[in-house]
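Remarks on the structure that follows.
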Protein chains: 2
Amino acid sequence: MTTIRKIVSHNLRILRGVRGMSQEDLSAIAGIDRTFISDIENAKYGTSIDRLESLAGALGVATWEMCHPQTADRIRKQADADASAATSGKPAPPH
Amino acid sequence: MTTIRKIVSHNLRILRGVRGMSQEDLSAIAGIDRTFISDIENAKYGTSIDRLESLAGALGVATWEMCHPQTADRIRKQADADASAATSGKPAPPH
DNA sequence: ATGTAGACTTACGTCGACG
DNA sequence: ACGTCGACGTAAGTCTACA
């Protein structure tokens, strides 16, 4: 029974990692307190759709993707593919 | 610049209409106060992801679909297709 | 059946500090 | 760079009542 809190929590942490941001970085860009981002990632609190929109914008995804169970995996695999393509000298996929 | 409040507001109202529910019906099923549902539909307030999850469950969609800009249209067209199929005696599509 | 208003409670959200 | 604690303010959420 994966709740929406767990989904958002997971997407947020993974996505932030892929973007190479610290909680402090994300805090500065999204305009949300760092300690609160920590709370969300640990599913201590749920958040409002307004804050979710700010976080999504800062992470470069749509708001609904923050609620989708497979966003974390999708973005992570895409980042992996891009990275290995860069290493092998191939051009990056156009998305 | 369509904000997440507008999207949720719109999806909620359309989806509820397609399901043939009043605000009172939805209130009873989702366990959320009727007047607050009214506020959300009029985008007076944003809501939390926890309440959004309850509303989505009561409406038979995933939570992320409540945040998606095209959910209202998608569901409405599907309902239309199902209705006309029923009228013409054809079997309902398997989705 | 819906929108709004007021009074009220609680969960969200900010801030400073410590390990 | 992250988790947590305490104190505090505000927006979310409930309930009753009226149009």
Side-chain angles (χ1 to χ4, degrees), chain A residues 1-61 63-67 72 75-76 79, chain B residues 1-61 63-67 72 75-76 79:
Chain A
M1 191 203 90
T2 82
T3 127
I4 185 61
R5 268 195 206 202
K6 299 270 193 181
I7 294 173
V8 169
S9 158
H10 184 241
N11 284 340
L12 181 54
R13 193 182 291 266
I14 300 297
L15 210 46
R16 180 175 64 78
V18 169
R19 301 301 190 222
M21 301 185 196
S22 68
Q23 290 179 349
E24 291 183 342
D25 294 334
L26 184 56
S27 168
I29 300 176
I32 294 176
D33 196 84
R34 179 192 69 82
T35 66
F36 190 56
I37 294 182
S38 172
D39 289 335
I40 299 174
E41 285 191 1
N42 290 298
K44 182 177 177 183
Y45 290 136
T47 186
S48 69
I49 56 175
D50 288 347
R51 313 288 157 166
L52 198 63
E53 186 174 37
S54 300
L55 291 170
L59 291 169
V61 296
T63 306
W64 66 266
E65 294 184 280
M66 295 296 296
C67 300
I75 301 286
R76 210 182 52 74
Chain B
M1 190 202 94
T2 82
T3 125
I4 185 62
R5 269 195 206 201
K6 299 269 193 181
I7 295 173
V8 168
S9 159
H10 184 241
N11 283 340
L12 181 54
R13 192 183 292 267
I14 299 297
L15 210 45
R16 179 174 65 78
V18 169
R19 301 303 190 220
M21 300 185 197
S22 67
Q23 291 179 351
E24 290 183 343
D25 294 334
L26 183 56
S27 168
I29 300 176
I32 294 175
D33 195 84
R34 180 193 69 81
T35 66
F36 190 56
I37 295 182
S38 172
D39 289 335
I40 299 174
E41 286 191 0
N42 290 296
K44 181 177 177 182
Y45 290 137
T47 186
S48 68
I49 56 175
D50 289 347
R51 311 288 160 168
L52 198 63
E53 185 174 38
S54 300
L55 291 170
L59 291 169
V61 295
T63 306
W64 66 266
E65 293 184 280
M66 295 297 295
C67 299
I75 301 288
R76 209 181 55 72

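A, B, ... follow the sequence lines: proteins, then strands. Residue 1 opens every chain. A quick note: this is a predicted structure, and the numbers were derived from the prediction, not measured.
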> For E53(B), what residues pass the side chain to side chain donor-acceptor pair (under 3.5 Å) criterion, not counting sequence neighbours?
Replying inline: none
>> Any side-chain N or O of S38(B) below 4.0 angstrom from OP1/OP2 of dG3(C)?
In response: yes
> Could you state the interatomic distance from CG (D39(A)) to OG1 (T47(A)), rounded to the nearest 0.5 Å?
Replying inline: 10.5 Å
Whole Å only: how far is the [atom1] atom of [X] from the [atom2] atom of [N]?
X	N	atom1	atom2	value
L52(A)	dA12(D)	CG	P	14 Å
E24(B)	dG3(C)	CD	P	12 Å
I37(A)	dC2(D)	CD1	P	10 Å

> Quick one: what's the B/S/- string for nucleotides 11-19 of chain C, heavy-atom cutoff under 4.0 Å, read 5' to 3'?
Replying inline: -SBBBBB--
>> Checking I40(A) against L55(A) for the side chain to side chain contact (heavy atoms under 4.5 Å, CB included) test, could you report, in this order, the C-alpha distance in whole Å, the side-chain angles of both residues, the deciding distance, and whether it holds?
In response: CA-CA 11 Å; I40(A) 299 174; L55(A) 291 170; 4.3 Å; yes
>> Please evaluate residues I29(B) and M21(B) with respect to the criterion side chain to side chain contact (heavy atoms under 4.5 Å, CB included), reporting the C-alpha separation (whole Å), side-chain torsions for both, the decisive distance (0.1 Å), and the verdict.
In response: CA-CA 10 Å; I29(B) 300 176; M21(B) 300 185 197; 4.2 Å; yes
> Quick one: does N11(B)'s side chain have a donor or acceptor within less than 3.5 Å of a partner on M66(B)'s backbone?
Replying inline: yes
>> My validator wants the stems of DNA chain D: runs of 3 or more consecutive Watson-Crick or G-U pairs, both distances under 3.5 Å, written as range with range.
In response: C:2-19 with D:2-19
>> How close do R5(B) and D50(A) get, counting heavy atoms only, and between which atoms?
In response: NH2-OD2, 2.7 Å
>> Determine whether I4(A) and L52(B) satisfy the following criterion, side chain to side chain contact (heavy atoms under 4.5 Å, CB included), listing intermediate values before the conclusion.
In response: CA-CA 9 Å; I4(A) 185 61; L52(B) 198 63; over 6 Å; no
>> For a 4.5 angstrom cut-off between non-hydrogen side-chain atoms, does I32(B) reach L26(B)?
In response: no
